[in-house]
Participant: 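Next up is a structure, given as structure tokens.
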Amino acid sequence: MIAALEGGQFVPYFQPQYRYATGRMIGAEVLARWNHPAKGLLGPTEFIPVFERNGLIATFDYYMWEQACRCLRMWIDGRGIEGAPRLSVNLSRADIYRSDLCTYLEGLVERYDVPAELLHLEITESAYMEAPEQLIGAVTKLRAAGFVVEMDDFGSGYSSLNTLKDVPVDVLKLDMGFLGASASSRGGLILASVVRMARWLDLPLIAEGVETKQQAAYLASVGCDYMQGYLFSKPVDRETFEKLLEGTAVEDLAHPFAESLQDGAAEFWDVDSQLSLIFNSYAGPAAIAEYDGETCELIRVNGEFARLLDLADEAASAELVRKNFLGVLQEEDRAALEEALRAASEGDAACDLRYRSAAGKGRWLRLHLRPLSRADSVISLYVLAEETTEEQVLRDRLAAPRDSIPGGLQRLRRQNEARQQLYDAIPCGIVRYTVGDGQHIVSINKKGCELLGYRDREEFIASSGDNALMPIHEDDVPRHRAGIERLRNGSKPLDFAYRYYRSDGTVGWLEGTSAYELGPEGEPMIQSAFLDVSGRRRKSHELDLQRFTEVLCSVYDEIFEFDRMDDRYHVLYSALHPESIGVALPLEEALERWMAHIPDGVERAGLRKTFDECRANVSGKPSSCTYKLSKGGNATWCQSTFIRVSDTCTLCCNKDVTEGLATEDRRRAWQDERYRLLTEMTNKMSFDYDSDTDTVLLYIDRTGDGVEAQVIPHYLEKLASTRSGVVHPDDMDDVRRMFEDVRAGAAEVSAEYRANYYGHGYAWYRANLFVAHDNAGAWHLVGLIENIEDERDLRYRAENDAATGLSNHATTQDLVAAALAKPAVREHSVCVVLDIDDFKAVNDNSGHMEGDALLRKVGSVLRSSFRESDVIGRVGGDEFVLLLKEVDMDVVLRKLNQVRAQISATTVPGLGHAPTLSVGVYATCSDDRTYRDVFTRADEALYQAKRAGKNRVQVYGS
């Protein structure tokens with residue numbers, strides 16, 4: 001290997017890294033290849049383990065670092081410092097232990113006159129697990145010297161978050177194992193969370209192993225914009241890499257910028273099923289935001305939202321907008337949004353604000369906020385946005401006369417009648433009223449009277465009795481009163497939108513602005529400027545209804561609108577009676593006709609109750625009920641779903657469910673009988689999970705009096721809470737994993753877990769479940785659950801040593817052989833054989849009870865000193881065998897000396913000296929295939945230790 005190094009047979013290959021949004025290169029990872037004179041080009045798995053076993057891995061790493069620096073120097077000379085790509089090189093675990101690591105690297109970049117920030121150093125999480133303090137110290141020194149340190153394969157180690165918390169790295173490289181996850185899976189959620197966490201830690205994130213366009217698009221959508229993988233380029237030699245560099249600008253590695261979703265990705269928004277159908281098809285700017293009381297972060301944005309806020313124009317400003325939307329607003333607009341965000345914690349809210357992009361484009365926006373969920377002080381919100389710049393122009397027209405009238409017009413009216421004519425000529429409604437003792441109208445201009453349907457002020461006063469509340473719709477009076485209180489408490493002028501009654505009794509919409517002022521005698525007054533916007537509101541409402549109908553007609557047979565503005569019923573869609581589309585009836589008449597076809601009084605009352613509750617429910621959550629209809633001697637079952645679209649509009653969506661109910665009743669009856677027979681015959685529990693309803697049917701004989709069917713709704717949704725008294729908390733993840741495996745494509749799953757099904761305490765059970773699909777397309781997880789308490793007890797006794805609880809001789813052989821079947825284990829593991837020195841003397845002098853206690857002590861120390869994945873067994877009277885997987889020899893030796901020290905500190909009554917251990921150690925290789933291969937060599941080393949005087953560790957071959 002030394003000759004190959006000196007002969008230059010090891011050459012650097014480069015895998016480029018790109019910024020997905022721009023397609024520009026940001027750097028490359030340096031990978032080693034062996035240009036073998038006889039075997040051709042060999043990958044690192046062929047030679048890296050050899051370097052690690054012979055102790056030359058550090059020499060090899062130093063060689064590769066120097067090759068990287070040579071390339072950087074050459075590119076700097078040819079392309080300039082700005083055109084040279086940064087290179088990432090790997091640090092092995094052996095490098096971390098070298099005290100001269102930082103000194104060597106500083107000398108290397110100085111010798112080649114290369115900026116330290118161009119040479120990035122990759123470390124792995126596994127190095128942290130083996131020597132955390134050593135790694136933290138080394139990284140701190142390297143960063144202080146100007147090097148950029150990257151954490152490679154983040155997420156694949158033992159404790160990624162602990163590593164990230166303790167090790168001060170500059171860049172994260174995401175483990176490619178995450179990339180198999182979709183947005184709807186657990187892995188996809190973890191990936192998105194890792195991206196957000198890295199963003200808040202100001203750590204750039206590079207995803208490696210990206211192989212498909214779908215993976216790249218998903219990564220970009222959650223904010224991970226830097227990528228590496230075969231989708232972009234495989235590792236290439238220097239000549240090919242330099243061709244990729246030609247004519248390409250190299251970008252610096254910076255923070256990932258705002259995510260931008262395509263229109264088809266609305267399933268990421270978690271809302272109720274009916275609203276999900278509507279929102280998924282809604283064409284408009286939308287986002288998901290989180291508000292913690294101080295910052296408002298835009299977690300997800302779709303393409304239209306990004307375009308509305310000009311997020312695609314400037315990456316740096318887009319990052320600021322997305323991290324805290326509040327922070328980019330002016331003080332007045334920030335206050336308006338903060339008020340709406342606080343209100344949204346109790347229900348839907350909205351606000352108008354001004355937004356100016358980094359490019360200088362200004363516009364008015366109206367944001368509609370709907371709360372989705374809350375976690376402590378953080379609330380998640382669904383945000384719909386619309387531009388209202390044109391509407392604001394109208395508001396400005398209203399504001400001008402409003403601001404000019406309070407003092408000036410009042411004085412002019414007292415002076416002469418000509419000023420009154422000017423007052424009446426203003427092209428919007430103007431009304432002034434007192435707010436001290438009641439709300440009495442002081443004045444209203446001619447346009448205001450016309451808007452309300454009156455010829456002049458006298459007719460209006462005669463009708464209203466100077467009561468300012470008279471024209472306002474009764475449902476909007478509370479909001480009007482709340483606005484008045486805010487103005488009296490010092491608020492700036494407030495915008496309002498109310499329904500109002502015209503003189504003919506019809507209902508319209510007013511929008512305007514109200515301001516607080518003092519009258520000539522110092523009395524408190526309100527002045528309002530307003531316009532009738534009924535036409536615009538009606539047009540917007542009709543467009544919304546059209547969108548909703550286009551979506552819902554694919555699911556329902558009939559769609560009706562109940563309009564509270566005019567108390568009428570409108571047929572929007574009917575597949576059964578298309579000639580009725582467009583028919584309108586008074587609301588109560590329509591309900592009366594409807595109820596006449598429902599023969600059951602209870603069902604009539606239930607339908608009316610559901611309808612009334614939906615109209616009064618401000619949350620907008622859909623409500624459904626099922627009832628029997630009788631028309632022309634035919635009886636059918638109908639399901640009505642009510643959706644409260646707005647304050648004035650409720651949609652009713654009807655579907656004929658007769659066939660479905662009949663089929664479901666027959667199917668359920670036969671299913672119950674089958675499961676009952678199956679449970680009785682097998683003496684096991686039958687299990688049926690319905691993915692469509694998240695419901696479990698559990699057939700169990702709890703009392704011995706017969707099988708009963710337990711219905712468990714919201715099974716997965718509330719597994720941790722509702723089943724915590726049944727499934728053992730430590731086994732909850734094993735139960736949940738069965739369902740995750742099915743979602744990942746498994747056709748059958750199995751799990752062993754503890755549960756308390758009968759109220760007598762926890763026992764061990766095994767679930768053997770299979771995937772089946774019903775006619776509706778939902779998948780079911782069905783099968784049997786059996787008690788395996790006796791089986792596990794027998795299995796434990798058969799596989800484990802009774803004295804120590806460790807694996808017995810036969811089990812240890814099987815476990816070692818199974819582990820050696822994996823090439824990675826064979827090439828980088830350690831086999832250990834140890835026994836207690838002079839154990840016969842312990843039994844002879846202290847008795848067998850003390851001898852057994854010492855055996856248990858050794859077993860306990862071994863279990864606590866090594867990992868659960870390692871094989872630890874007692875194979876003889878006082879002899880133990882260990883297979884420590886994928887670990888360096890120096891780590892093993894340090895651990896074994898700690899074990900010996902703990903045993904030597906043990907006091908054995910009647911024994912005149914401290915107990916000691918002799919240990920034989922063997923480093924496995926790729927040729928080791930069986931238990932005998934590794935045991936005989938470790939055992940030989942043990943006897944070398946015995947012959948050398950006992951109480952020592954002997955490495956085979958040394």
Participant: Would you say that Arg737 contacts Asp734 through its side chain, given a criterion of any heavy-atom pair below 4.5 Å between the two side chains?
Facilitator: yes
Participant: Which pair of heavy atoms, one from Ser829 and one from Leu883, lies closest together, and at what distance?
Facilitator: CB-CD1, 4.4 Å
Participant: Measure across Ala751 and Met738 and return the closest heavy-atom pair with its distance rounded to 0.1 Å.
Facilitator: CB-SD, 3.5 Å
Participant: Taking the six-membered ring for Trp, are Tyr757 and Tyr753 parallel (under 30°), tilted (30 to 60°) or perpendicular (over 60°)?
Facilitator: perpendicular
Participant: What distance do Tyr382 atom OH and Ile288 atom CD1 have between them, rounded to the nearest 0.5 Å?
Facilitator: 7.0 Å
Participant: Carefully, step by step, assess Glu211 and Leu231 under the rule side-chain contact (heavy atoms from CB on, under 4.5 Å).
Facilitator: CA-CA 5 Å; Glu211 297 182 353; Leu231 175 63; 5.5 Å; no
Participant: For residues Val742 and Val749, determine if any side-chain heavy atom of one lies less than 4.5 Å from a side-chain heavy atom of the other.
Facilitator: yes
Participant: Within the distance-only criterion (no hydrogens, no angle test), does the side chain of Ser686 pair as donor or acceptor with the backbone N or O of Tyr699 below 3.5 angstrom?
Facilitator: no
Participant: Would you confirm whether Asp731, through its side chain, and Arg754, through its main-chain N or O, come within 3.5 Å as a donor-acceptor pair?
Facilitator: yes
Participant: Hey, are the side chains of Ile379 and Glu290 touching, using non-hydrogen atoms and a 4.5 Å cut-off?
Facilitator: no
Participant: Does Asp870 come within less than 4.0 Å of Lys885, counting only side-chain N to carboxylate O?
Facilitator: no
Participant: Hey, is the main chain of Thr650 close enough, under 3.5 Å, to the side chain of Arg644 for a donor-acceptor pair?
Facilitator: no
Participant: Between Pro371 and Asp348, which heavy-atom pair has the shortest distance, and what is it?
Facilitator: CD-OD1, 3.8 Å
Participant: Parallel, tilted or perpendicular for Phe739 and Tyr689, by the 30°/60° rule?
Facilitator: perpendicular
Participant: Rounded to the nearest 0.5 Å, how far apart are OG1 of Thr693 and NE2 of His714?
Facilitator: 9.5 Å
Participant: Measure the shortest side-chain to side-chain distance between Val383 and Leu369 over non-hydrogen atoms and say whether it is less than 4.5 angstrom.
Facilitator: yes
Participant: So does Asp612 pair up with Lys609, basic N to acidic O under 4.0 Å?
Facilitator: no
Participant: Between the main-chain N or O of Glu717 and the side-chain N or O of Asp694, is there a donor-acceptor pair closer than 3.5 Å?
Facilitator: yes
Participant: With sequence neighbours left out, write down each residue that passes side-chain contact (heavy atoms from CB on, under 4.5 Å) with Thr804, or none if nothing qualifies.
Facilitator: Asp801, Leu806, Leu855, Arg874, Phe880
Participant: What heavy-atom pair brings Asn808 and Asn800 nearest, and what distance separates the two atoms?
Facilitator: ND2-N, 3.7 Å
Participant: Show your working on side-chain contact (heavy atoms from CB on, under 4.5 Å) between Phe560 and Asn654 and close with a plain yes or no.
Facilitator: CA-CA 8 Å; Phe560 310 135; Asn654 291 342; 3.3 Å; yes
Participant: Flag the pair Asp557 / Lys655 as yes when at least one side-chain heavy-atom distance between them is below 4.5 Å, and no otherwise.
Facilitator: yes
Participant: With distance as the sole test, does Ser864 use its side chain to make a donor-acceptor pair with the main-chain N or O of Val861 at under 3.5 Å?
Facilitator: yes
Participant: What do the steps show when you test Ser640 against Thr610 for side-chain contact (heavy atoms from CB on, under 4.5 Å), and what is the final call?
Facilitator: CA-CA 9 Å; Ser640 293; Thr610 304; over 6 Å; no
Participant: Whether the side chain of Asn756 engages the backbone of His760 through a donor-acceptor N/O pair (distance < 3.5 Å, no angle test) should be reported.
Facilitator: yes
Participant: Run Val875 and Tyr931 through side-chain contact (heavy atoms from CB on, under 4.5 Å) and show every step you take.
Facilitator: CA-CA 12 Å; Val875 298; Tyr931 173 81; 4.0 Å; yes
Participant: Show the nearest heavy-atom pair for residues Asp701 and Tyr758, with the distance to one decimal.
Facilitator: O-CE2, 3.2 Å
Participant: Of all heavy-atom pairs between Glu799 and Thr811, which one has the smallest distance, and what is that distance?
Facilitator: O-OG1, 2.9 Å
Participant: Can you check whether Trp764's main-chain N or O pairs, donor with acceptor, with Glu789's side chain at less than 3.5 Å?
Facilitator: yes
Participant: May I ask you to test the Leu784-Phe687 pair for a side-chain heavy-atom distance under 4.5 Å?
Facilitator: no
Participant: How many angstroms lie between atom CD1 of Ile643 and atom CG of Leu651, to the nearest 0.5 angstrom?
Facilitator: 6.0 Å
Participant: When rounded to the nearest 0.5 angstrom, what distance separates OG1 in Thr812 from NE2 in His809?
Facilitator: 7.5 Å
Participant: Counting distance only, does the side-chain N/O of Thr641 pair as donor-acceptor with the main-chain N or O of Ser624 below 3.5 Å?
Facilitator: no
Participant: Name all residues meeting the ring-ring contact (aromatic ring centres under 6.0 Å, His included) criterion together with Tyr627; count only those two or more places apart in sequence or in a different chain, and write none if there are none.
Facilitator: none
Participant: Would you check if the side chain of Glu603 reaches a backbone N or O of Lys628 as a donor-acceptor pair within less than 3.5 Å?
Facilitator: yes
Participant: Any side-chain heavy atom of Leu698 within less than 4.5 Å of one from Ile785?
Facilitator: yes
Participant: I'd like to know if the side chain of Asp656 reaches the main chain of Cys638, judged simply by a donor and an acceptor atom lying under 3.5 Å from each other, with no hydrogens or angles considered.
Facilitator: no
Participant: Side chains of Arg723 and Ile712, heavy atoms from C-beta outward: is any pair under 4.5 Å?
Facilitator: yes
Participant: To the nearest 0.5 Å, tell me how far Cys224 SG sits from Tyr218 OH.
Facilitator: 10.5 Å
Participant: Give, for atom OH of Tyr765 and atom CD1 of Ile788, the distance between the pair rounded to the nearest 0.5 Å.
Facilitator: 10.5 Å
